[in-house]
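Taking it in order: structure first as structure tokens, then the write-up.
We count ligands from 1, going down the list as the structure has it; atoms in each ligand are counted the same way.
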Amino acid sequence: MAATKLTQIMKQRQTLSFELFPPKTPKGMANLEETLSRLKIFNPDYMSVTYGAGGANVGTNRVVCQMIADHGVVPVTHFNLIRHTRESIREQLDQYLEEGVDHILALRGDFPDGENSTCGDFNYATDLVSFIRDTYGDRFEIAVAGSPEGHVACRSLDADIAALKLKQENGADYIITQLCWDLDQFERWMDKIRKVGVTIPLDVGVMPIVDIKTTIRMALSRNGCVMDHELSKIISKYWIFPDPFDSNPPFQDPAREQKIADFRKAGIEYTIRQLDRLRMMGIDGLHLYAMNRWKDVDYLIREAGLRTVI
Ligand code: FAD
């Protein structure tokens, strides 16, 4: 059995966790050491590490998992099916277990560019969950993704919820949710999944709003998330003219630096209001997409009073 049962903790109180990604450069790795020291002071229940399509970055992912463990925090590795055979999945999961990583977020992953399948032995996260349970019993604690607005490619929200229920039936222990700023929709989804019998704990993924480009990119590049009216207004108010995505614009917005700072402040305040509302809904955990930016997370946690409450 996994050494620490996060779901046991979730039964007692709301957990707090952070999501990190494996840096691509030596400088990024060096900075990560400070990020871990800074985030650790908030006593997170776990820190998770993203996993690239096809396991391209599995080496760095494993190093980051070990760095997290060395800081005395439970590492959770993300894992996806892209370009994986049964055998390559078994090889990598054996290695994680040997290295003491027994928590996993079991994902399908996004199809490789130009493909319309995983290009591997399995098609869905439901298959991966079954495979892990059949092969390893309860040696892994398994998280799965949930999409409050429905996965971007799903046929319908009901079909997506049925797939989520299948993940539970196949052995998933808890859910980590995709971005969702539309909290009315989040509440409706939570109600729906509970009504159809999805009972496992709900750990809510929250991306701190600190940067206009990242916010738009995360919402629209893959996830198809609604930006609610309040968030849209913040983006409009601090829009950098002529175009925040243009690295070589024909003219510079004279208020550029001020707008960047003001957007960050307004974005954090917005995130805090979202966190307040989520915490009132009876969720089981808050999972902050820290994106290796400890300063933003530190500011957010202190301003939101998360540390004193949790
Ligand atoms: P699935 O649950 O397999 O769902 C994919 C689609 O298929 C959905 O439309 C669903 O409705 C449908 N479906 C599911 N099961 C079935 C079934 N049995 N039969 C028919 N239809 C089915 N990606 C990465 O590559 N690396 C990461 O580190 C990473 N981290 C993430 C962290 C979080 C918290 C979340 C929420 C997502 C993350 N992703 C990551 C993105 C994820 O891989 C993509 O969203 C991917 O497109 C779908 O993954 P999934 O596990 O939700 O897939």
Side-chain angles (χ1 to χ4, degrees), residues 6 15 17-22 46-58 60-62 64-65 75-84 89 92 96 101 103-113 115-132 142-172 174-181 186 189 192-193 196 198 200-207 217-225 283 285-292:
L6 294 168
T15 53
S17 58
F18 305 121
E19 181 168 315
L20 305 171
F21 61 86
Y46 71 89
M47 292 195 208
S48 78
V49 188
T50 61
Y51 179 98
N57 65 351
V58 64
T60 350
N61 163 295
R62 283 174 34 223
V64 176
C65 285
V76 173
T77 186
H78 299 200
F79 190 85
N80 67 49
L81 290 169
I82 304 304
R83 298 193 194 282
H84 268 307
I89 295 173
Q92 290 201 359
Y96 280 117
V101 177
H103 292 81
I104 190 164
L105 169 57
L107 299 156
R108 185 196 69 184
D110 292 316
F111 296 153
D113 275 348
E115 305 285 351
N116 58 6
S117 82
T118 60
C119 302
D121 280 356
F122 294 123
N123 294 320
Y124 299 109
T126 44
D127 306 327
L128 179 59
V129 175
S130 294
F131 179 79
I132 299 173
I142 306 175
V144 288
S147 303
E149 295 172 86
H151 179 260
V152 67
C154 71
R155 206 167 44 250
S156 67
L157 188 60
D158 286 342
D160 203 47
I161 291 175
L164 184 62
K165 187 154 185 234
L166 192 55
K167 293 184 195 182
Q168 170 178 284
E169 285 161 7
N170 291 357
Y174 64 104
I175 300 161
I176 307 182
T177 58
Q178 186 55 273
L179 291 177
C180 179
W181 292 300
F186 184 92
W189 175 79
K192 260 176 173 272
I193 64 165
V196 301
V198 177
I200 52 178
L202 199 53
D203 195 3
V204 181
V206 175
M207 189 185 89
R217 227 181 254 132
M218 287 294 282
L220 300 181
S221 69
R222 288 190 190 277
N223 299 321
C225 283
I283 57 160
L286 283 173
H287 179 66
L288 298 183
Y289 300 152
M291 300 170 121
N292 299 10

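Contact annotation for Leu105 and ligand 1: only side-chain heavy atoms (C-beta onward) come within less than 4.0 Å of the ligand. Heavy atoms of Asp160 found under 4.0 angstrom from ligand 1 belong to the backbone as well as the side chain.
Although no hydrogens or angles enter the test, the distance criterion places no donor-acceptor pair under 3.5 Å between the side chain of Gln178 and the main chain of His151.
Among protein heavy atoms, the minimum distance from atom 25 (O) of ligand 1 is reached at Asn80 ND2, 2.9 Å. The nearest heavy-atom contact from the protein to atom 3 (O) of ligand 1 is Ala125 N, 2.9 Å. Closest protein heavy atom to atom 18 (N) of ligand 1: Thr126 OG1, 3.0 Å. Of the protein's non-hydrogen atoms, the one nearest atom 51 (O) of ligand 1 is Arg108 N, 2.9 Å.
If you number the atoms of ligand 1 from 1 as listed, the ones under 4.0 Å from a heavy atom of Thr50 come out as 28 (O). Close approach to Ala163 involves these atoms of ligand 1, each under 4.0 Å from a residue heavy atom: 13 (N), 14 (C), 15 (N), 16 (C). Annotation for ligand 1: atoms under 4.0 Å from non-hydrogen atoms of Cys154 are 9 (O), 11 (O). Close contacts of ligand 1 with Ala145, meaning ligand atoms under 4.0 Å from a residue heavy atom, involve 36 (C), 52 (O).
Checking Asn170 against Tyr124 by side-chain atom types alone, no donor-acceptor pair falls below 3.5 Å. A side-chain donor from one of His287 and Ser17 sits under 3.5 Å from a side-chain acceptor of the other.
Considering His151, His287, His78 only, the shortest heavy-atom separation from atom 9 (O) of ligand 1 involves His151. Around atom 44 (C) of ligand 1, the closest heavy atom drawn from Leu107, Asp110, Ile175, Leu81 belongs to Asp110. Remark: among candidates Arg155, Gln178, Lys167, the nearest residue to atom 35 (C) of ligand 1 is Gln178, based on non-hydrogen atoms. Residue nearest to atom 19 (N) of ligand 1, selected from Tyr124, Phe111, Tyr51: Tyr124 (by heavy-atom distance).
Using a 4.5 Å cut-off on side-chain heavy atoms (C-beta onward), Phe122 and Ile89 make contact. Within the 4.5 Å cutoff, the side chain of Phe79 has no heavy atoms near those of the Leu107 side chain. Using a 4.5 Å heavy-atom threshold, the side chains of Leu202 and Phe186 count as touching. Residues Arg222 and Val152 have side chains not in contact (no heavy-atom distance under 4.5 Å, counting atoms from C-beta outward). By the 4.5 Å heavy-atom criterion applied to side chains, Thr177 and Ile283 are not counted as neighbours. For the pair Leu6/Thr15, no side-chain contact is recorded, criterion being any heavy-atom separation below 4.5 Å from C-beta on.
The shortest heavy-atom distance from Tyr289 to ligand 1 is under 4.0 Å.
The list of salt bridge (Lys or Arg N to Asp or Glu O under 4.0 Å) pairs with a residue in residues 144-166, not counting sequence neighbours, reads Asp158-Lys192, Lys165-Glu169.
Note: no N/O pair closer than 3.5 Å links Ile176 and ligand 1 by distance alone.
A search for side-chain hydrogen bond (donor to acceptor under 3.5 Å, both in side chains) contacts involving His103 returns Glu141, not counting sequence neighbours.
Atom 41 (C) of ligand 1 is not flagged as protein-proximal [any protein heavy atom, distance under 4.0 Å].
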